[in-house]
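Following: one structure in structure tokens, then a few remarks.
Just so it is clear: chains get the letters A, B, ... in the order the sequence lines come, proteins before strands, and each one is counted from 1.
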2 protein chains.
Amino acid sequence: MSEKHPELNLDNQLCFSLYAASRHITRLYQPMLKQHNLTYPQYIVLLILWQKDGMLIKDIGERAQLKSNTLTPLLKRLEQNGLVTRQRDSEDERQCYVYLTEQGKNLESLCACIPSQMLKQTEMPIEKLIELKQLLDQLVVKEVHGK
Amino acid sequence: MSEKHPELNLDNQLCFSLYAASRHITRLYQPMLKQHNLTYPQYIVLLILWQKDGMLIKDIGERAQLKSNTLTPLLKRLEQNGLVTRQRDSEDERQCYVYLTEQGKNLESLCACIPSQMLKQTEMPIEKLIELKQLLDQLVVKEVHGK
DNA sequence: AACATTTAAATCGTGCACGATTAAATCACT
DNA sequence: AGTGATTTAATCGTGCACGATTTAAATGTT
């Protein structure tokens, strides 16, 4: 066991805990999302559209922190599955609006139980989860300003 | 703005904060890793091997929480780049050991500055980062037991 | 010894992520 | 009006992640 560089010990790396925890939580979502034929990033995009229908891809991207190279194919899949439609802005043909279909809107109620089921599975007290979320958001906020 | 299902508000979703923070931190690593022609998951695997050289793929996978379907191609790329070699166990031909090459070993010292540079970039006090890491690890530990 | 079971790695297919580039529309400025 | 810069989405290529399957080797059981 090398101890030349203890700062490189995996157990000291916040980055790895973050990476592992994120994938772990995504895996926990899979069984529930699979019932609705959704992937986790698709679910994120739907969360955004359920809050505000008819958004521009650009604005969805800002909210989800994803660019068109990820969103365009993802939205095409959602469209193929009948959950959204895409429509160019007639005022500015560069832009593209995304609208929920009826099926996409109806899915919201069906997914409403997911957050509470997830909370149950994590088995961590709600105060700790809130604390964790705040710390995570602080970690990201810095760079948004710096940009 | 739909408020039928406030539990689905993106801003209330720990999962999204986790997902966004993880990708954010990975992006922060990119410039430093690119200098050594490494991706972030490759760096994770090297962190593991720097701690203990000559591990089985199975054990690397347990440590990194990755299976062979992810590790095999990743290790082939590390091998192509001259950082590791792979060798079947002659006692048990199913198993495969991964060894650092000289170049792979030498890279450790070159990467030793990365953690401190990352700490600088996050601009979050070290106590908060430690707290964050502990919470993340608690989130994951539960499922390992349940499994 | 024969055969079912288990294990480890590799393979396959799908869907992200993301850097880089492209194409088209709009804007800004002369 | 003309043209260079900017904006938006799409496209392209690479490398993960991961469920599912396959292959080969080892193990267990009769």
[X], nearest nucleotide to its side chain (from [options]):
X       : options                : result
A:Arg94 : C:dA9, C:dC27, C:dC16  : C:dC27
B:Cys96 : D:dG15, C:dG19, C:dA10 : C:dA10
A:Glu93 : C:dC16, C:dT26, D:dC16 : C:dT26

How bent is the helix from C:dA1-D:dT30 to C:dT30-D:dA1, comparing axes over its five end pairs at each side, to the nearest 10°? 10°
Is there a donor-acceptor pair closer than 3.5 Å between any side-chain N or O of [X] and the backbone N or O of [Y]?
X       : Y       : answer
A:Asn81 : A:Leu83 : no
A:Ser22 : A:Leu18 : no
A:Trp50 : B:Asn9  : no

Using a 4.0 Å heavy-atom cut-off across all strands, classify B:Asn69 as base, sugar-phosphate, or nothing. base
Which part of the nucleic acid does B:Tyr97 contact within heavy-atom distance under 4.0 Å: base, sugar-phosphate only, or nothing? nothing
Side-chain N or O of [X] less than 4.0 angstrom from OP1 or OP2 on [N]?
X       : N      : result
B:Lys58 : C:dT7  : no
B:Arg88 : D:dA24 : no
B:Arg23 : C:dC18 : yes
B:Arg86 : C:dA10 : yes
B:Tyr19 : C:dA17 : yes
A:Gln42 : C:dC16 : yes
B:Arg27 : C:dC18 : yes

Distance col, row A:Ile44:CD1 vs B:Cys15:SG, nearest 0.5 angstrom, shows 4.5 Å
Residue pair A:Gln30/A:Gln95 against DNA chain D: nearer the 5' end by closest nucleotide is A:Gln95
Would you kindly compare B:Asp92 and A:Asp59 by the position of their nearest DNA chain D nucleotide and give the one closer to the 5′ end? A:Asp59
Kindly write out the residues that satisfy side chain to side chain donor-acceptor pair (under 3.5 Å) with B:Arg86, not counting sequence neighbours, or none if the list is empty. B:Glu79
Whole angstrom is fine here: how far is it from [atom1] in [X] over to [atom2] in [N]?
X       : N      : atom1 : atom2 : value
A:Ile57 : D:dT7  : CD1   : P     : 18 Å
B:Gln35 : C:dG19 : CD    : P     : 16 Å
A:Met55 : D:dA9  : CE    : P     : 11 Å
A:Leu33 : C:dC16 : CG    : C1'   : 14 Å
A:His24 : D:dA17 : NE2   : C1'   : 16 Å
A:Asn37 : C:dG15 : CG    : C1'   : 12 Å
A:Leu66 : C:dC16 : CG    : P     : 10 Å
A:Asn81 : C:dT14 : CG    : C1'   : 13 Å

Report the residue (A:Glu91 or A:Tyr40) whose heavy-atom-nearest nucleotide on DNA chain C is the more 5′ of the two. A:Tyr40
B:Tyr40: ring-ring contact (aromatic ring centres under 6.0 Å, His included) partners, not counting sequence neighbours: A:Tyr19, B:Tyr29
What about B:Leu46 and B:Leu56, same hydrophobic cluster or not, with Ile/Leu/Val/Met/Phe/Trp/Tyr joined at side-chain heavy-atom distances under 4.5 Å? no
Heavy-atom count check: over 12 atoms from other residues, nucleotides or ligands less than 6.0 Å from A:Glu62 CD? no
With A:Glu131, which residues qualify under salt bridge (charged side-chain N to carboxylate O under 4.0 Å, His left out), at least two apart? none
Test salt bridge (charged side-chain N to carboxylate O under 4.0 Å, His left out) applied to A:Arg27 - qualifying residues, sequence neighbours left out: none
Per the under-4.0 Å heavy-atom filter, residues of residues 70-80 of chain B near DNA chain D come out as B:Thr70, B:Leu74, B:Arg77
For C:dA8, does the base pair up with any side-chain atom of B:Ser68 as donor and acceptor (N or O, under 3.5 Å, distance only)? no
Taking NZ, NE, NH1 and NH2 as the nitrogens, is one of them in A:Asp59 or A:Arg63 under 4.0 Å from a carboxylate oxygen of the other? no
